[in-house]
Amino acid sequence: MKLLDRLRKKHHEVDLKRKKGIDAYFESLSSSNMETFVEDIATTFNNSEKLDYYRLISNHLGLALFTIDLKNKEIIYVSRKIEEILEISKEKLTIEYWKSLWYKGGTIDFSAIYARLTNEGKNSHTYRIITPSGAVKWINETTVAVKDEMGNIGKIVGVIEDCTNALHLEQKINFITTHDELTNLPNFLNGSEHIQEVIESYKTTRERFALFCVNLDGFSRINNTLGFKIADEAFKQLSIKLEKYLNKGVFLFRSQGDEWYAVVECSMKNEEYMSHAKEIIDIIQAPLQIQDYSIRITASIGISVYPDDGENKVELIKNANTALKRAKKHGVANYQLYAANMNIESFKTFQLETDLQSAIKNGELYIEYQPKVDVKSQKATSAEALIRWKHPLWGEVSPLEFITIAEESNFHREISEFVIDTVCRQVGQWEEQGIQFNTVSFNLSAKDFLKSSLISILETTINRYQINPKHLEIELTEGTLLQETSVVQDQIEQIKAMGISLSLDDFGTGYSSIHYLKKLPSDIIKIDRSFIQHIHKNVEDKIIVKSIIELTKGLNKTVVAEGVENEEQFSILQSLGCDLIQGYYYSKSVSSKRMTELFKMDQIEPASSKSGAPMNRRKYYRVSFPFFPLHTEMTIVSFNGKAVTLGTTDVMVLDIGLGGLRFVSHLKLKPHTDILYNFRTTLLDKEMIFNGTIVRYNEKEQDIFEYGVEFQMEESDRDEFASILNKVSLQMKQNPLFNDGDFIDENPSSYLSKIQRR
């Protein structure tokens, strides 16, 4: 509301009949503003009769008028309203006292004010004061300079107004129009404007940020069964919980009904955004206690990422909603990134997260066993139980891919119980058959050791299958040991008291492994594979391994080297006095039936001595790239009969022909006709695009896989491609270092390792 409008409102409260003269003046003022009013006073400053008249008007209308003599630094006149606002009588009011009321947290630039008075003859500004009663007031002050004959400012005439209530009202109105009434969160209009502001600030840097669309699953049933009041209270409580969790770098606002948006302004990898989404779902799933009801609510989340999924707020909001719809199709408590932003690895992770629960129910999980071979006798004396997942489409899924997912969900306990039950049952069968072996080891989740029920589960399962606990061995990881709580320590001691062996896994990688070696009642030490991998090439690794073996033997413990892959590594470990080895040199993980056969053998032959020449399955001639692998972008275009749109993943093509290609990747994929891949690369300055299915694979080295692809290609396209391949073949004969294409001057394995670390 303008100052003049406020004056008019006050004037209407005056008795018009008794104050006709003042009313007439006020009417003449209605077309002007406060500055004009003050200027009028200043121009009549030397006319005492008119000046008295203005002062009469100011008192009668309740105007806070004042006059200051700058030369003598004193207040000449103040109206009664000044006394009311400043809460002090005019007799006690001085310039210094007025200054003492100014809010200490604010600043007033007097030089700028004086400059405006000098140059423009007037000034307006707003500031805060604290009155003697402690009230904080916002003051709007308008002043006009009164100059002498020399043009110097001798006096100033001003008027102040207490605009505190108006300002608070304005703030309240602004809050109401920009915030949700139920939750007090920013509303959709406010939030969408914030998205655009973030986009504007990120345009130059091209940094990423994510928009989460969070929607409650089946929330309408709470409205229908428990009523709107309880439903509203549930949504309010959830909003408070989310706001507390998302308090840094996240702008949370309500969309409509049972939906929020969260602007995650930090630049992250997609996997980190997904991790945040999972945490949000977990927070929402925690039970709410409202009146006499314990309410459990789930939520689904769709995620779009700037700038990949949109460069304006409309696109980002639309794509986050699209991702949400896809999440809803996968069931409750699900989250999805907008499909165009997914690469194969992310897409596979999503599928595994969705399918893990059904994997447990459908019996897709199983156990394989990798032998631990005595170095001296070369006999399999123990084994490690390794959990596996045979996914109907992705094939054999590594524990590295799904155990983390399980631990972040509620499935890790079910998986741990499955491992304990399967291993104990198998140990019981071997005991009945009279098979000679020392121990079968297995890993448990670090979270299992925080549950007091672990000992009960172990005891119950051991009794169920009537087995000797000495045949069991639990491998402790540093993730478990870092939780040095009384519960963890107590359970480790009870496990040891039951007769179960304990081994310290991945020894040498943790910052405090020596500490654990001394403190824990472990029987076996496993040297981490990272020290074994280059032991035959790296003197430092050999010295470290030698020290670990000597230290372990000095403490009268058994030492196991894991990740042994070739004869050179085996020979060095044998010379250093290692007790047991585990790795591909002797055997990959095998079925319980095959493990039974290995236990029965007096000696195991190294697996490398039994490998024959690979079978040539190729129908067409291929061009090989022995020096420079061909960098290629791969994506999935069809999954289980449904078209999908994903981002790309880098792979290295080793050879290519009319029928297909061979590539290496860090991804573990399964040959399956229901997954159609697309490959895009450049040869001879021509973009090459192929579709095909993976028909075979093998693990070339640790976490690096080699695949054979069979093209799905029209004969006309095949003829055109044949012409290009012939040119490439001819040029390679002339120049073996041919690299006219997207070739990489780097070892494929090292290049792929760098990709994984991004």
Side-chain angles (χ1 to χ4, degrees), residues 177-180 183 185-217 219 238-239 242-243 245-281 283-284 299-330 333-347 349-350 353 635 643-648 758:
T177 57
T178 59
H179 286 72
D180 174 60
T183 64
L185 289 172
N187 59 21
F188 182 79
L189 177 62
N190 187 347
S192 60
E193 290 176 352
H194 183 81
I195 294 171
Q196 192 59 42
E197 289 172 4
V198 177
I199 290 173
E200 294 299 326
S201 65
Y202 279 36
K203 272 184 178 179
T204 54
T205 62
R206 302 297 289 176
E207 282 192 78
R208 292 154 57 86
F209 74 87
L211 179 65
F212 288 22
C213 182
V214 185
N215 185 274
L216 299 179
D217 299 319
F219 192 67
L238 289 174
S239 297
L242 285 179
E243 193 173 20
Y245 168 70
L246 302 171
N247 61 349
K248 292 182 179 178
V250 178
F251 186 88
L252 180 70
F253 62 96
R254 186 182 184 183
S255 171
Q256 57 184 355
D258 55 356
E259 190 170 87
W260 303 268
Y261 283 95
V263 186
V264 184
E265 297 176 21
C266 185
S267 181
M268 302 179 186
K269 294 180 179 179
N270 290 345
E271 292 76 12
E272 293 175 287
Y273 287 133
M274 290 186 288
S275 177
H276 277 300
K278 179 65 176 64
E279 290 173 6
I280 291 172
I281 289 174
I283 288 169
I284 291 174
S300 297
I301 299 177
I303 308 169
S304 62
V305 180
Y306 173 87
D308 305 344
D309 300 331
E311 299 200 2
N312 60 62
K313 64 182 180 183
V314 175
E315 289 179 349
L316 288 174
I317 293 171
K318 177 176 71 70
N319 291 337
N321 272 280
T322 300
L324 174 67
K325 290 175 183 176
R326 190 173 64 250
K328 292 280 189 181
K329 289 180 181 178
H330 287 284
N334 201 280
Y335 51 94
Q336 295 283 315
L337 270 168
Y338 181 64
N341 197 38
M342 291 189 213
N343 59 21
I344 295 174
E345 192 166 16
S346 300
F347 181 70
T349 300
F350 294 151
E353 288 173 345
T635 188
V644 294
T645 304
L646 303 179
T648 60
R758 287 178 186 172

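This one's a predicted model, so the numbers in the text were calculated from it and none came from an experiment. When a residue number appears, it is its place in the shown sequence, counting from 1.
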Do [X] and [Y] have side chains that get closer than 4.5 Å, going by heavy atoms?
| X | Y | value |
| --- | --- | --- |
| Asp309 | Ile303 | no |
| Asp180 | Trp260 | no |
| Tyr306 | Glu265 | no |
| Phe209 | Ile199 | yes |
| Leu242 | Leu185 | no |
| Val214 | Ile284 | yes |
| Phe251 | Asn190 | yes |

Self-check item: Neighbour count above 12 (heavy atom, 6.0 Å) for Glu200 CD
Solution: yes
Quiz item: Hey, mind stepping through Tyr338 and Val305 against side-chain contact (heavy atoms from CB on, under 4.5 Å) and telling me if it holds?
Solution: CA-CA 8 Å; Tyr338 181 64; Val305 180; over 6 Å; no
Nearest 0.5 Å, please: how far is [atom2] in [Y] from [atom1] in [X]?
| X | Y | atom1 | atom2 | answer |
| --- | --- | --- | --- | --- |
| Lys328 | Lys325 | NZ | NZ | 12.0 Å |
| Ser192 | Leu316 | OG | CG | 12.0 Å |
| Met274 | Gln336 | CE | CD | 9.5 Å |
| Phe188 | His194 | CZ | NE2 | 13.5 Å |
| Ser304 | Lys313 | OG | NZ | 14.0 Å |
| Asn334 | Lys278 | CG | NZ | 10.5 Å |

What heavy-atom pair brings [X] and [Y] nearest, and what distance separates the two atoms?
| X | Y | answer |
| --- | --- | --- |
| Leu252 | Leu246 | CD1-CD1, 4.1 Å |
| Pro186 | His179 | N-CD2, 3.5 Å |
| Ser300 | Ala327 | CB-CB, 4.3 Å |
| Cys266 | Tyr273 | O-OH, 2.7 Å |
| Arg208 | Tyr202 | O-CE2, 3.6 Å |

Practice problem: Inspect the contact between Lys318 and Glu315 and indicate whether a charged nitrogen and a carboxylate oxygen are less than 4.0 angstrom apart. | Solution: no
Practice problem: Check the angle between the aromatic planes of Tyr261 and Phe253 and answer parallel, tilted or perpendicular using the 30° and 60° thresholds. | Solution: parallel
Quiz prompt | Residue from Ile301, Asn319, Asn215 passing side chain to side chain contact (heavy atoms under 4.5 Å, CB included) with Leu324 | solution = Asn215
